[in-house]
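A quick write-up on the structure given underneath.
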2 protein chains.
Amino acid sequence: MANLDSIFHGLADPTRRAVIARLAQGPAPVSELAAPHAMALPSFLKHLKVLEASGWVESEKSGRVRTCRLRPEAAKTAEDWLGRQRRDWEARLDRLDAFLTDIEDERDTDDA
Amino acid sequence: MANLDSIFHGLADPTRRAVIARLAQGPAPVSELAAPHAMALPSFLKHLKVLEASGWVESEKSGRVRTCRLRPEAAKTAEDWLGRQRRDWEARLDRLDAFLTDIEDERDTDDA
DNA sequence: ATCAAGGTTAGCCATGTGGCTATCTATCGG
DNA sequence: CCGATAGATAGCCACATGGCTAACCTTGAT
């Protein structure tokens, strides 16, 4: 696994997001993952290493083929963090709303 | 707004995530945002610019104070992408499950 | 035993990132 | 008007990132 820094860093590149999207459909060998990307293999392998280091991907080699698969825990970690912020944000809007309603109520009370 | 690259890049740093978490509680001026972070103001301002460029934060200056607020659309964009991958992933597991069940059924049929 | 396929490693290069200091501008309070 | 406050700009530096080529190592097929 890894920390939020590397998990989000993993997502901050279109090549790496494409790999994740591909692996969400199921495991694949390195060469198949690399095929759609117009870059030399070593360059692509760096991206793959970033994804492994950040916990997005795990792989094992059998024979000369390395098969990669997605680790959804990474996605969960990312979604959890985002969800937490969203909850805070919405709670704040609720409080703001309650506050504004209170003001309104007080004005009504004054009026009465 | 901005693209996924910059949105996720914005999240790939603890200082910037802390700013986002703080702003989820409500708007704040630059100096208040900077206070918890042990770094010089110009360094902090760079992070803030990254967040503005990526669409996470918007700000306006009145007098000598710049007030920053969160733009939740950025969070939505990020969550949407992650959610899409998760849906694909789960759909794939469902298909896999159905496939395995089919195998099982065929074996049962053979047995009968 | 060889050759091709599938990665892997090493090393180079340009650019980006994240930190700093020093300096500057613009506002607010008195 | 003067000093203090809030932030902005410029420029420097070290290291990370993302690309490349060239050479290498295993494994599989013939």
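Computed from a predicted model, the values in this text were never measured in an experiment.
Atom P of nucleotide C:dG16 and atom NE2 of A:His9 are separated by 15 Å, given to the nearest angstrom. Summarising the geometry, the separation between CE on A:Met39 and C1' on D:dC20 is reported as 11 Å, rounded to the nearest angstrom. The nearest whole Å value for the distance from the CZ atom in B:Phe44 to the C1' atom in C:dT21 is 19 Å. Protein atom NE2 of A:His37 is 17 Å distant from nucleotide atom C1' of C:dG7, rounded to whole Å.
For residues 57-66 of chain A, the set of pairs meeting the salt bridge (charged side-chain N to carboxylate O under 4.0 Å, His left out) definition, not counting sequence neighbours, comprises A:Glu60-A:Arg69.
For the OP1/OP2 pair of C:dC20 and a distance below 4.0 Å, the side-chain nitrogens and oxygens of B:Ser43 include at least one atom meeting the criterion.
Under the salt bridge (charged side-chain N to carboxylate O under 4.0 Å, His left out) criterion, B:Arg16 pairs with no residue, sequence neighbours left out. Not counting sequence neighbours, the partners of A:Ala40 by the side chain to side chain contact (heavy atoms under 4.5 Å, CB included) test are A:Pro42, A:Ser43. With sequence neighbours excluded, no residue forms a salt bridge (charged side-chain N to carboxylate O under 4.0 Å, His left out) with A:Lys46.
Both the sub-6.0 Å distance and the 45° axial angle are not jointly satisfied by B:Arg86 relative to the ring of B:Trp89.
Each of D:dG19, C:dG18, D:dC20 was ranked by its minimum atom distance to the side chain of A:Ala40; first place goes to D:dC20.
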Under 3.5 Å, sequence neighbours excluded: what are the donor-acceptor pairs made by side chains of residues 24-34 of chain A?
unit_1, atom_1, unit_2, atom_2, d
A:Gln25, NE2, B:Asp88, OD2, 3.3
A:Glu32, OE2, A:Arg22, NE, 3.2
A:Glu32, OE2, A:Arg22, NH2, 2.7

Contacts under 3.5 Å, N or O only, protein and nucleotides 7-16 of chain D:
unit_1, atom_1, unit_2, atom_2, d
D:dG7, OP1, B:Val30, N, 3.3
D:dG7, OP1, B:Arg66, N, 3.4
D:dG7, OP2, B:Ser31, N, 2.8
D:dG7, OP2, B:Ser31, OG, 2.8
D:dA8, OP1, B:Arg66, NE, 2.9
D:dA8, OP1, B:Arg66, NH2, 3.3
D:dT9, OP2, B:Lys49, NZ, 3.2

